[in-house]
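Data block below; observations after.
Below, all heavy atoms of this structure are taken into account, side chains as well, without hydrogens, waters or symmetry copies.
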Amino acid sequence: MKFKIHSGIGLAVALALLGGCAVGPNYKQPAVNAPHNFRFAENRTTNSLADLPWWQVFQDPILQDLIRTALTNNYDLKQAVARVEQARNQAIAARSAFFPQIGYSGNVGRGRNAFYNSPSPPTVGSSATTDSSALATVNAFWEIDFWGRIRRLSEAARAQYLATDQARRGVTISLISQVAITYFQLLDLDRELEIQREATNAYAGSYRIFNERLQNGVASKLETDRAAAAFATAAASIPGLEIQIASLENQLDILLGRNPGPVARSTLSEQSPLSSAPEIPAGLPSALLRRRPDVAAAEQSLIAANANIGVSVANFFPQIGLTTFLGRGSPELSAFTAGSGNIWNVGGTMTGPLFQGGQLRAQYRASKAQFLEAKAAYEQTVITAFADVSDALISKQKLAEQDVFNAQAVTALTSSVELATERYLNGKSSYFEVLQAQQELYPAQRAQVQTQAGELISVVQLYKALGGGWPADAPEKPAKAK
């Protein structure tokens, strides 16, 4: 008997060892037609802005504190971290099928025409009996992964876990970028509000002068009304800017995971953006595919879909397992502890499909279609990544050109206002000429500020498009700037 038992166990183990090949296709990374260099990149270089951690890209200490707060308190990031933990444990649960599943069971009871708590009608010619019974066993089942079904399930679960972790990294990078972009937008609006208040005060002074001249019969009603309209138009823009500032502060507070309130910040003039450098390296397109979390997540989803094809193929084959139990059982409680109450069994099982009404074939076709969907999603994510970098590069370059012309315009218009004022003071022209020069200067100043903030934001967008934020060799958390 022992020889037969050991032979059965040895056969099962041998089958497990022989099952080294998993059915279904092995994963192969799809070929990617990566460009030689990014479109609009000035030079081809292996260095990349994304190699820097965020605290080296954003030098403003107030912005650094805001980003640290967001990384600690942001609720989207907390949800992403929780999803990673879910996926990690689901992968552990899938891997547990590699090991024997051991459990226990037991029952005790007393009844008439019952045996181990189940009905047991008397046979013909026998009388009904009232008996006690007890049963206690330790049982185990081990599925031998002969076709690789469990391995494919584990492979798919692990890939989904890695995809979820990459999605968490994507949320982190997006959070850092969004905090920086909102911060720079606030600095832009602060400066625009300052310019608009300066314009309103200047137009108010102009209106007072025209109104006094009108009372003295020197100025015309037309000139006075135009001065009044310029003042009112400038003043009407201030509440709109204040609304935008309050709204952006609230948006930033949400990113920081706190209730709406004022946000501490510096000024636009205090910023030293990387966009002032002659060139910001974008790196190589091939490196982008390894760095972008959305590309990595899409590929892990593709790996999971490929593994699920193997699972659907394995379902066509029988599931082979080893089952055993050991315990005590007796129809009489008094004999439960006696040697005669020992029970045990070792056996093999095999279950497989014969007719499923086309279910297994449909599941196989569905898994292949899911793979094709995941493959298309991966390829689209790749070309979208290249496009994001190109968009950020051209935006940075053209905003830098625009800033040059805006600066020239502001310089010229500032001189124009000074000359018009000097001519007015010398009696060579009317104050209406000063008003016209002011009406051209202040919009140009606001346009210049918007371009300067846009340059800052374009660097943030480039940093995000390149997958920057947390290099692999960077510390987990930077020390707070003193």
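- One finds a salt bridge joining Arg191 and Glu194 here, because a Lys/Arg side-chain nitrogen approaches an Asp/Glu carboxylate oxygen to under 4.0 Å.
- Trp142 places a side-chain N or O within 3.5 Å of a backbone atom of Phe98 that can act as its donor or acceptor partner.
- For Gln101, the side chain to side chain contact (heavy atoms under 4.5 Å, CB included) criterion is met by no residue, not counting sequence neighbours.
- A salt bridge does not link Arg168 to Glu85: none of the charged nitrogens lies less than 4.0 Å from a carboxylate oxygen.
- One side chain, Ser266 or Tyr183, offers a donor N or O that lies under 3.5 Å from an acceptor on the other.
- No more than 12 heavy atoms of other residues, nucleotides or ligands lie within 6.0 Å of OH in Tyr104, so this atom counts as exposed by the packing criterion.
- Judged purely by atom type and a 3.5 angstrom limit, Asn74 uses its side chain to pair as donor or acceptor with the backbone of Leu255.
- Taking 4.5 Å as the limit, some side-chain heavy atom of Tyr463 sits within range of a side-chain heavy atom of Trp54.
- Side-chain atoms of Thr200 and Gln196 include no donor-acceptor pair closer than 3.5 Å.
- In this structure a side-chain-to-backbone donor-acceptor pair under 3.5 Å is present from Ser367 to Tyr364.
- A donor-acceptor pair under 3.5 Å is absent between the side-chain atoms of Ser247 and the main chain of Ile243, judged by distance alone.
- Judged by distance alone, the side chain of Asn306 and the main-chain N or O of Leu302 form no donor-acceptor pair under 3.5 Å.
- Without hydrogens or angle criteria, Arg88 side chain to Tyr161 main chain gives no donor-acceptor distance under 3.5 Å.
- No salt bridge links Arg151 with Glu155; every basic N to acidic carboxylate O contact stays at or beyond 4.0 Å.
- Within the 6.0 Å centre-distance limit, the rings of Tyr442 and Tyr203 are counted as a close aromatic pair.
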